[in-house]
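So that the names make sense, note that chain A is the first sequence line, chain B the second, and so on, each numbered from 1.
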Protein chains: 2
Amino acid sequence: MVSRVESAAATRRALVDAAAELLDEGGPDAVTLRAVGGRAGVSRGAPYGHFPDKEHLLAAVATKSWEAVGEQLDALITDRGQAPSERLEQALTGLMEVGRRHPHAYALMFAAPTAEHPEAVAAVSRTHDQFLTIIADVIGDPQRARPIGGLLMSSVHGIVAMENGGHLTPEKWQTTGDELVKLLIDRIA
Amino acid sequence: MVSRVESAAATRRALVDAAAELLDEGGPDAVTLRAVGGRAGVSRGAPYGHFPDKEHLLAAVATKSWEAVGEQLDALITDRGQAPSERLEQALTGLMEVGRRHPHAYALMFAAPTAEHPEAVAAVSRTHDQFLTIIADVIGDPQRARPIGGLLMSSVHGIVAMENGGHLTPEKWQTTGDELVKLLIDRIA
DNA sequence: TCATTCACATGACAACGTCACACGAAGAGC
DNA sequence: GCTCTTCGTGTGACGTTGTCATGTGAATGA
């Protein structure tokens, strides 16, 4: 039933899942290869049969996170039952929600993916394209949609990063991340 | 001439400077306590006479970086020779320039400062207040200036973070960070 | 001059990423 | 059914890291 390559693929998946879980639960310091192997039910050296080094394992976690966001956006794009502006707001708040629920994985997603991880770069590019699709529906002119999309994406990311870093305190700025996203869409899109 | 406490303070400064330099030159991985001590002319254990652990040393680096930005803003605020809107643009592009010139230190500045580092929190708060001062001069209503300031700060930070992470490629978004900052100020401030 | 203080050097330890090597079961060929 | 090969995995080992305990020596105050 379970061929050798299938079980190998399952182990690889288990390693990525274990790393993502440990990252969520204890932050980057908790993601040791020994802990990852342990949670995945293998030894500390097993990951090296699937990844050249720890960095590539983390890149796989980032790739998986981007793909999860991509699936959210896919569902949003497929559902034609709502206005384009609504879709845009949901896309942006959806990304924000990911950043809030999984702050460490989110930080990993936006860390610099070196050229050594082409699958991570591809996943990011695909998801960005989906964002652009949603934004173009609101803006109309697809040429003008790209810079606007870049600004929206960057700004929302900045809001999430400021939130997660504790730099967006309501006392200091008299506002919240949710309000800022609304304000942003209002002024930009 | 050089009393004992003076030399101790000098060593502390040398440690922070060495850590900042190593961070600039080789990224976070290059900042080992052994390398920091070596560059500062002391041994690997010497930092523990000045900081409880490595995290506190890095917090001191972040604090110094924030204070450097604060000095920039001070000069900007003191100089009454230019329009408020010009000052705002210079403040935001100044922060962006710091992020470009010292990407790793910049990332450290916006990392979550735990409550264990009150001096870092204070430095951030002071600099944010200076931003608010500059923004209030443009907005007029100081009450309305705070959320606007939060959005500007977050957005610019997002732009810098996207740039440094390689996520703001001109091919994808048909724009640059500089253009986005201009567009941002145009639409928001 | 002597006792004290305090910054610093040094040895040691556990944990980490990584590599080399050994093992053992699944699959291919006869 | 048997044998050989392949390949995912387990294990021991090594260098490096952050950290602590201990020792040392020079500056300080009486």
Using atom types as modelled, flag every donor-acceptor pair under 3.5 Å from a side chain in residues 33-48 of chain A to any protein atom, sequence neighbours excluded.
| from | atom 1 | to | atom 2 | distance (Å) |
| --- | --- | --- | --- | --- |
| A:Arg39 | NH1 | A:Glu21 | OE1 | 2.9 |
| A:Arg39 | NH1 | A:Glu25 | OE1 | 3.4 |
| A:Arg39 | NH1 | A:Glu25 | OE2 | 2.9 |
| A:Arg39 | NH2 | A:Glu25 | OE1 | 3.1 |
| A:Ser43 | OG | A:Gly45 | N | 3.3 |

C:dC8 phosphate, OP1 or OP2: any side-chain N/O from B:Thr11 under 4.0 angstrom? yes

Between D:dC20 (P) and B:Arg34 (CZ): distance, integer Å: 13 Å

Ranking C:dT18, D:dT9, C:dG17 by distance to the side chain of A:Ala46, first place goes to D:dT9

Nearest to side-chain heavy atoms of B:Val42, which nucleotide of D:dG18, C:dA9, D:dG10: C:dA9

Using the side-chain heavy atoms of B:Ala8, tell me which of these nucleotides is nearest: C:dG11, C:dT10, C:dA7. C:dA7

I'd like to know if A:Arg12 reaches the base of D:dG8 with its side chain, counting only an N/O donor and acceptor under 3.5 Å. no

Counting any heavy atom closer than 4.0 Å, what does A:Thr32 reach on the DNA or RNA strands: base, sugar-phosphate only, or nothing? sugar-phosphate

If you look at every strand shown and take non-hydrogen atoms under 4.0 Å, does A:Val31 touch a base, only sugar-phosphate, or nothing? sugar-phosphate

Within the 4.0 Å heavy-atom criterion, would you say A:Gly45 contacts the bases, only the backbone, or no part of the nucleic acid? base

How are the rings of B:His167 and A:Phe110 set to each other: parallel, tilted or perpendicular (split at 30° and 60°)? tilted

Please determine, for the side chain of A:His50, which listed nucleotide (C:dG11, C:dT10, D:dG8) has the closest atom? D:dG8

